[in-house]
Engineer: 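Below you will find the structure I want to go over with you.
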Amino acid sequence: MDKFVIRGGLPLNGQVEISGSKNGSLPILFGSLLAPGPLLLEGVPTGLRDINTTLEILRQFGAEVEKRDHQVAIEVPTQGPVKAPYDLVKKMRASISSFGPLLARRGEAVVSLPGGCNIGDRPIDLHIQGMEALGAKIRHENGYIIANGPLKGGSVYLSGPMGPTVLGTQNVMMAAAGADGVSVIEGAACEPEVVSTADFLRTLGVKIEGDGSPTIRIEGVGQDGFASLGGVTFTIPPDRIETGTYILAGAAAGGRVEVRNCRPKDNLALLSILKNIGVPLEIGEDSVTVTGVDQVTPCDVATLAYPGFPTDLQGPLMALLCKTDGVSLITEKIFPDRFMHLSELRRFGAKVRKEGSTGIIEGGAPLHGAEVMASDLRASACLVIAGLMASGTTQVRRIYHLQRGYESMEVKLRGLGADVERVEDRQIESETVQG
Ligand code: EPU
């Protein structure tokens, strides 16, 4: 197991290139199950663990997968296994998005219920309701959902008590693409990753309207509608959460960072918050330049479905808010328990606490390097930013979480002048003992 060793307090300066979107790639990779291919996906962040888990799952479904530098070529036979086993689904919940494409193309899907998760309860009831609305017959057996087609167009409502579901919308869109007839999804998620999935399906020849709004209309091509489809290329857009993370890191560490190859319009909520708290930004067509600040003004924000402020940037923003001259509030309205980073932030000396689903940050306390434990992907990013801000040395353990979603983070940060090393945990432990 590796960890990051960060010698903090150095400003970040220079340019950083954003990779293709993780959450954009995952459903689209599973969407490749809809057609025989060959299909070529470009701009895939092939260095990420979640991408490699996905390729492993696709191979289990009988796909031939070839990974090159930021490219994946896929061919998928019509017949083949339809089971997504627990061992893989528990590693990565996005594997639930194999459900729709498998059901549409192979008429059957056997998908494990995902089980526990570090960021809180994540049911998949809306995915199931969506498939049922398209005519799927579903039963539960020994922790698995067994679904059978054929699918036909239907009317689907996809919002729950916490709002719309992102993967649920993508999953049902992909199922509807291979269903017979027209489907309409109401209460759909509007995230840019949903639009990318729609763009991908359009590349496969599917007629879709309304993606990016709560009502999406899909003209299904039927179970054999993609039977002769091949030679398709699709490019994954840049990662808006990686973009936001580097913007926040730049603001927090000081210096001047140009975040390149991004889509600023996908991050308007974050950019608006940063402007309001006094972070200087220059926004270009496909870049954002941020100038670090010694202090930001406090704020009161909530995570919300897109175009609201994303839950995936809640932790990284919390690190920056330790630099205020007052009290800030961040309320989680997507995953009310997603605060595992909070007690780790305290180890840096931060004055943070939680009341209900609100994180309360009393700014102004200086951060000192600490030994901390990453609990999930975005919590890890929060701790890395705190480590960059802190004086002295920080060790962030269990950074395998980071490798799920940030390509070569230590290399990118070093390119900006940070002193970050990725080392094997045991080696450093014994050095500490010797010291
Ligand atoms: N929900 C239900 N029923 C469902 C599905 C979701 O009640 O059937 C609830 C969830 O419990 C949550 C809310 O609806 O309270 C939203 O969850 P959503 O389904 O939108 O989340 P997701 O699609 O499983 C994706 C991202 C997450 C990101 C969320 C919210 C991927 C692979 N994952 O998850 O990303 O936090 O949307 O934007 O796209 C990450 O990258 O670190 C990550 C966790």
Engineer: With the threshold set at 4.0 Å, does a side-chain nitrogen-carboxylate oxygen contact exist between Arg338 and Asp312?
Structural biologist: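 Asp312 and Arg338: salt-bridged.
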Engineer: Under the side chain to side chain donor-acceptor pair (under 3.5 Å) rule, collect the residues that match up with Arg106, sequence neighbours excluded.
Structural biologist: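 With neighbours one apart ignored, the set is empty.
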Engineer: Hey, could you give me the CG/NZ distance between Leu103 and Lys137, rounded to the nearest 0.5 Å?
Structural biologist: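 Between Leu103 CG and Lys137 NZ, I get 11.0 Å after rounding to 0.5 Å.
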Engineer: For Arg260 and Gln15, which I'm curious about, is there any donor-acceptor pair between the side chains at under 3.5 Å?
Structural biologist: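 The criterion, which ignores hydrogens and geometry beyond distance, is satisfied for Gln15 and Arg260.
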Engineer: Using a 6.0 Å cut-off, check whether atom CZ of Arg346 has over 12 heavy atoms from anything other than its own residue.
Structural biologist: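 Enclosed: over 12 neighbouring heavy atoms sit under 6.0 Å from CZ of Arg346.
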Engineer: Quick one about Glu332 and Thr311 (side-chain donor to acceptor, distance below 3.5 Å, no hydrogens or angles considered), yes or no?
Structural biologist: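 The answer is yes; a qualifying pair exists.
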Engineer: Keeping the roles fixed (side chain from Asp286, backbone from Asn261), state whether a donor-acceptor pair exists under 3.5 Å.
Structural biologist: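 Pair absent, no side-chain N/O of Asp286 close to backbone of Asn261.
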Engineer: So Thr297 and Thr324, side chain to side chain contact (heavy atoms under 4.5 Å, CB included) or not? Walk me through it.
Structural biologist: CA-CA 5 Å; Thr297 49; Thr324 59; over 6 Å; no
Engineer: Rounded to the nearest 0.5 Å, how far does OG1 of Thr203 lie from CG of Leu41?
Structural biologist: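 Here the rounded value is 9.5 Å.
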Engineer: Atom CD1 of Ile330 and atom CG of Leu342: how far apart are they, to the nearest 0.5 Å?
Structural biologist: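 Separation between the atoms: 9.0 Å.
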Engineer: Are Glu407 and Ser19 close enough that a side-chain donor and a side-chain acceptor fall under 3.5 Å?
Structural biologist: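 Per modelled atom types, Glu407 and Ser19 side chains form a pair under 3.5 Å.
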Engineer: In Å, rounded to the nearest 0.5 Å, how long is the span from OG1 of Thr54 to CD1 of Ile28?
Structural biologist: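 Thr54 OG1 to Ile28 CD1: 12.0 Å, rounded to 0.5 Å.
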Engineer: For Phe200, what residues pass the ring-ring contact (aromatic ring centres under 6.0 Å, His included) criterion, not counting sequence neighbours?
Structural biologist: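 For Phe200 the ring-ring contact (aromatic ring centres under 6.0 Å, His included) partners, ignoring immediate neighbours, are Phe234.
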Engineer: Determine whether the side chains of Ser112 and Lys83 contain a donor N or O and an acceptor N or O closer than 3.5 Å.
Structural biologist: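 No, no side-chain donor-acceptor contact under 3.5 Å.
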Engineer: Compare all side-chain heavy atoms of Phe4 with those of Leu402 and state whether any distance is below 4.5 angstrom.
Structural biologist: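 Sidechains of Leu402 and Phe4: in contact.
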Engineer: Identify whether the distance between the nearest side-chain nitrogen and carboxylate oxygen of Glu42 and Arg68 falls below 4.0 Å.
Structural biologist: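 Salt bridge absent between Glu42 and Arg68.
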Engineer: Thinking salt bridges, do Arg404 and Asp50 make one under a 4.0 Å N-O criterion?
Structural biologist: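 The answer is yes: the pair qualifies as a salt bridge.
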Engineer: Find the distance between CD1 (Ile146) and CD1 (Ile138) and round it off to the nearest 0.5 Å.
Structural biologist: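 The distance works out to 10.5 Å.
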Engineer: Ignoring hydrogens and geometry beyond distance, is a side-chain donor-acceptor pair present between Tyr306 and Arg240 at under 3.5 Å?
Structural biologist: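 Side-chain D/A pair, Tyr306 to Arg240: absent.
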Engineer: For residues 165-190, dump all side-chain donor-acceptor pairs below 3.5 Å to protein atoms at least two apart in sequence or in another chain.
Structural biologist:
residue : atom : partner : partner atom : Å
Thr165  : OG1  : Gly168  : N            : 3.0
Thr169  : OG1  : Thr165  : O            : 2.5
Thr169  : OG1  : Ala189  : N            : 3.1
Gln170  : NE2  : Glu193  : O            : 3.0
Gln170  : NE2  : Thr197  : OG1          : 3.2
Asn171  : OD1  : Gly100  : N            : 2.8
Asn171  : ND2  : Ile96   : O            : 3.0
Asn171  : ND2  : His127  : ND1          : 3.1
Ser183  : OG   : Gly154  : N            : 3.2
Glu186  : OE1  : Thr215  : OG1          : 2.7

Engineer: Can a side-chain donor-acceptor contact be found between Thr331 and Ser357 if the only test is distance below 3.5 angstrom?
Structural biologist: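 No.
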